[in-house]
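A short worksheet on the structure shown next.
Whatever order the structure lists ligands and atoms in, that order sets their numbers, starting from 1.
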Amino acid sequence: MAVDLLLGLQWGDEGKGKIVDVLTNNYDIIARFQGGPNAGHTLEFDGIKHVLHTIPSGIFHKNAINVVGNGVVIDPVIFKKELDNLEQFQLDITKTLLISRKAHLILPTHRLLDAASEASKGKAKIGSTLKGIGPTYMDKTGRNGIRVGDLEMSDWEEKYRALADKHESMIAYYDVQLEYDLEDLEKDFFEAVEVLKKLTFIDSEEYLYQARKNGKKILAEGAQGSLLDIDFGTYPFVTSSNTTAAGACTGLGIAPNQIGEVFGIFKAYTTRVGSGPFPTELFDSDGETMGRVGNEFGATTGRPRRCGWLDLVALKYAVQVNGVTALMMMKGDVLSGFDTIKVCTAYVYKGKEITHLPYNIEPENVTAVYSEMNGWQQDLTKMDHIDQFPDSLNAYIAFLEKELEVPIKIVSVGPDRTQTIHR
Ligand code: GDP
Ligand code: IMO
Ligand code: MG
């Protein structure tokens with residue numbers, strides 16, 4: 001059985017959590033392959049809203065297994081909080097949630113290093129979620145990291161101390177004001193580690209290999225979005241992992257020829273949280289409306305998300321680098337009420353019109369070129385079939401499908417599980 005992927009195609013927060021939850025009905029295993037608690041994946045059903053950070057979004061389905069893959073970075077403290085939030089739902093977590101031994105641990109000093117690095121950058125800061133993501137992946141590639149499997153070894157606390165001490169001297173190097181009580185942070189950390197140790201650790205690449213061989217259906221869940229990819233995103237304003245399809249291979253140990261469908265998910269407009277270029281960003285009442293109607297506040301940090309029109313140049317690029325086979329369009333309901341909807345179809349880059357994503361999309365190099373389309377006034381949130389769609393929404397969808405050359409298979413018209421329309 002091939003492994004299907006679900007990936008965000010923009011700057012994150014496309015609605016991955018919602019759709020993974022909806023799709024879990026069709027899968028035996030949901031496996032997160034990268035990122036960590038910088039992610040905030042929202043699910044809504046039965047009138048309750050859940051935000052998951054590290055735990056895969058299939059967790060509420062009692063028959064699905066959820067795997068935290070080797071490519072993920074885990075903060076035991078945040079993980080414990082997520083588990084605490086799940087307690088009321090009486091899920092059999094020790095059976096349905098499995099953790100890769102090769103996943104790396106975020107230490108309290110990784111979080112401090114993130115804060116010190118951002119503070120030292122001043123105006124050039126990335127706008128990181130400050131969850132220690134960058135420093136943890138740096139230790140991974142620098143071959144200094146501590147992994148979940150180390151917790152089963154007798155010398156892990158020595159390893160921990162040596163790394164934390166090194167981090168402290170690095171924090172001092174940054175020469176920024178940072179107030180912290182490491183003893184206090186470590187108390188929480190070691191308590192949370194004990195909780196983590198009660199869960200089931202697995203050799204996840206072997207587990208997934210056997211599952212696949214035995215015909216189990218696997219969906220890989222991405223975090224962040226393609227434009228935050230460490231290689232293909234708007235570097236340096238990116239996260240520290242490969243958020244694109246290739247990241248699912250390295251983050252789970254899935255061979256490239258075992259990938260089946262690649263589901264690409266995007267909002268009907270664009271949002272971005274944190275710093276970095278955003279060619280279609282709006283600073284007017286239209287952007288304000290999107291933010292207000294779309295309730296665009298970060299699920300992890302609560303920061304307001306920057307809003308703008310759909311950027312087809314960037315979206316095409318994401319479809320291309322991921323090999324997307326089916327698209328899902330989210331939050332079309334938020335655009336109800338606009339007389340005109342704009343879509344960026346080209347950039348003027350250094351004075352010339354181009355339709356591919358160039359090396360640098362900072363405002364001094366790039367201006368967005370728009371096509372205009374008729375908007376729709378109808379409320380979409382109560383609709384449950386494509387027959388009910390207004391003509392101008394159908395025209396918008398048809399235009400995007402033609403430009404992107406990939407079918408839009410799901411249109412989401414609200415945050416709830418049930419507000420999901422298949423085409
Ligand atoms: P993720 O990180 O990709 O899982 O997305 P987030 O959860 O960070 O952000 C998506 C937000 O949009 C959440 O608050 C969802 O509840 C909400 N949402 C998802 N789909 C829709 C939709 O179709 N319409 C509306 N109005 N909200 C949606
Ligand atoms: P989900 O999975 C939106 C952004 C941060 C910052 C940059 C680097 O919910 O879509 P980091 O903490 O990784 O060092 O931050 O990436 N960022 C996200 N933006 N959604 C996310 O995840 C994000 N995870 C990181 O805002 O600009
Ligand atoms: Mg999110």
Could you go through the ring pair (Phe, Tyr, Trp, His ring centres under 6.0 Å) check for His61 and Tyr27 one step at a time? CA-CA 10 Å; His61 294 250; Tyr27 291 92; over 10 Å; no
Check the pair Trp376 / Phe338 against ring pair (Phe, Tyr, Trp, His ring centres under 6.0 Å), numbers first and verdict last. CA-CA 7 Å; Trp376 52 88; Phe338 282 96; 9.0 Å; no
Audit row: Asp114, Lys131, salt bridge (charged side-chain N to carboxylate O under 4.0 Å, His left out) steps and yes/no: CA-CA 7 Å; Asp114 215 358; Lys131 303 293 177 198; over 6 Å; no
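Here Asp150 pairs with Lys159 in a salt bridge; the nearest charged N to carboxylate O distance falls below 4.0 Å. A salt bridge does not link Lys409 to Glu401: none of the charged nitrogens lies less than 4.0 Å from a carboxylate oxygen. Contact check on Glu296 versus Lys331 returns a salt bridge, with a Lys/Arg side-chain nitrogen under 4.0 Å from an Asp/Glu carboxylate oxygen. For Glu221 and Arg32, the salt-bridge test fails: no basic side-chain N is under 4.0 Å from an acidic carboxylate O. A salt bridge links Glu403 to Lys316: one of the charged nitrogens lies within less than 4.0 Å of a carboxylate oxygen. Electrostatic pairing of Asp92 and Lys95 counts as a salt bridge here, judged by a charged N lying under 4.0 Å from a carboxylate O. Salt bridge present: Lys102 and Glu205 bring a charged side-chain N and a carboxylate O closer than 4.0 Å.
Of all the listed residues (Thr271, Asp13, Leu7, Val411), Asp13 holds the heavy atom that lies closest to atom 5 (O) of ligand 1. With distances taken over non-hydrogen atoms, the option nearest atom 6 (C) of ligand 2 out of Gly127, Gly132, Gly274 is Gly127.
As for Asp13, its N/O/S atom nearest the Mg ion (ligand 3) is the one called OD1.
The aromatic ring centroids of Trp156 and Phe190 lie less than 6.0 Å from each other.
Within the 4.0 Å heavy-atom criterion, neither part of Arg272 lies near ligand 2. Counting heavy atoms under 4.0 Å from ligand 1, residue Arg305 touches it through the side chain alone.
Of all protein heavy atoms, the one lying nearest to atom 15 (C) of ligand 1 is Thr42 CB, 4.0 Å. For atom 13 (O) of ligand 2, the closest non-hydrogen atom of the protein is Thr239 OG1, 2.6 Å. Residue, atom and distance of the protein heavy atom nearest to atom 6 (P) of ligand 1 are Gly40 O, 3.5 Å. With hydrogens left out, the protein atom closest to atom 9 (O) of ligand 2 is Gly40 N, 2.9 Å, a heavy atom. The nearest protein atom to atom 11 (C) of ligand 1, hydrogens excluded, is given as Lys331 NZ, 3.7 Å; this is a heavy-atom distance. Annotation: atom 20 (N) of ligand 2 to nearest protein heavy atom, Asp13 OD1, 3.0 Å. Atom 24 (N) of ligand 1 has its closest protein heavy atom at Asp333 OD1, 2.8 Å. For atom 12 (O) of ligand 2, the nearest protein heavy atom (residue, atom name, distance) is Thr129 OG1, 2.5 Å. The closest protein non-hydrogen atom to atom 16 (O) of ligand 1 is Pro415 CB, 3.3 Å. In this structure, atom 7 (C) of ligand 2 lies nearest to the protein heavy atom Val238 O, 3.9 Å. Nearest non-hydrogen protein atom to atom 15 (O) of ligand 2 is Ser128 CA, 3.5 Å. Of the protein's non-hydrogen atoms, Val273 CG1, 3.4 Å is the one closest to atom 19 (N) of ligand 2. For atom 23 (C) of ligand 2, the closest heavy atom belonging to the protein is Gln224 CG, 3.6 Å.
Distances below 4.0 Å separate heavy atoms of Glu44 from the following atoms of ligand 1: 16 (O). Close approach to Trp11 involves these atoms of ligand 2, each under 4.0 Å from a residue heavy atom: 3 (C), 19 (N). When each atom of ligand 2 is checked for a heavy atom of Leu228 under 4.0 Å away, the hits are 4 (C), 16 (O), 17 (N), 18 (C), 19 (N). Residue Lys18 has at least one heavy-atom neighbour below 4.0 Å for each of these atoms of ligand 1: 20 (N). Those atoms of ligand 1 with a heavy atom of Gly17 less than 4.0 angstrom away are 4 (O). Interface of Val334 with ligand 1, defined as ligand atoms under 4.0 Å from a residue heavy atom, comprises 26 (N). Interface atoms of ligand 1 facing Ser412, defined by a heavy-atom separation under 4.0 Å, are 20 (N), 21 (C), 22 (C), 23 (O). Interface of Ala223 with ligand 2, defined as ligand atoms under 4.0 Å from a residue heavy atom, comprises 2 (O).
Between the Lys267 side chain and the Gly15 main chain, no donor and acceptor come within less than 3.5 Å of each other. The main-chain N or O of Ala115 is never found under 3.5 Å from a side-chain atom of Glu118 such that the two would form a donor-acceptor pair. No donor-acceptor pair under 3.5 Å is formed between the side chain of Asn394 and the backbone N or O of Ser392.
Residue contact annotation: Arg305 has no non-hydrogen atom under 4.0 Å from ligand 2. Under a 4.0 Å heavy-atom criterion, Lys16 is in contact with ligand 2. Within the 4.0 Å heavy-atom shell around ligand 2 one does not find Lys131.
Note on ring orientation: taking the six-membered ring where Trp is involved, the planes of His167 and His110 are tilted (angle from 30° to 60°). Using cut-offs of 30° and 60° for the angle between ring planes, the His50 and Phe60 rings count as tilted.
Counting non-hydrogen atoms of neighbouring residues, nucleotides and ligands closer than 6.0 angstrom, the CG atom of Asp387 exceeds 12 such neighbours. Residue Glu183 places its CD atom among 12 or fewer non-hydrogen atoms of other residues, nucleotides or ligands, all under 6.0 Å distant. Enclosure of atom CG in Asn63 is not indicated, since only 12 or fewer non-hydrogen atoms of other residues, nucleotides or ligands lie within 6.0 angstrom.
Every N/O-N/O distance between Lys49 and ligand 1 stays at or above 3.5 Å. Looking at Gly332 next to ligand 1, no N or O pair under 3.5 Å apart turns up. On a distance-only criterion, Glu14 and ligand 2 share no N/O pair closer than 3.5 Å. Where the criterion is an N or O separation shorter than 3.5 Å, residue side chain and backbone included, Lys267 fails it with respect to ligand 1. In terms of N/O distances under 3.5 Å, ligand 1 is not approached by Met330. Some N or O of Gly414 is nearer than 3.5 Å to an N or O of ligand 1, by distance alone.
A cation-pi geometry, defined here as NZ or CZ lying under 6.0 Å from the six-membered ring centre and within 45° of its normal, holds between Arg417 and Phe45.
Distances from the Mg ion (ligand 3) show that Gly17 has no N/O/S atom below 2.8 Å.
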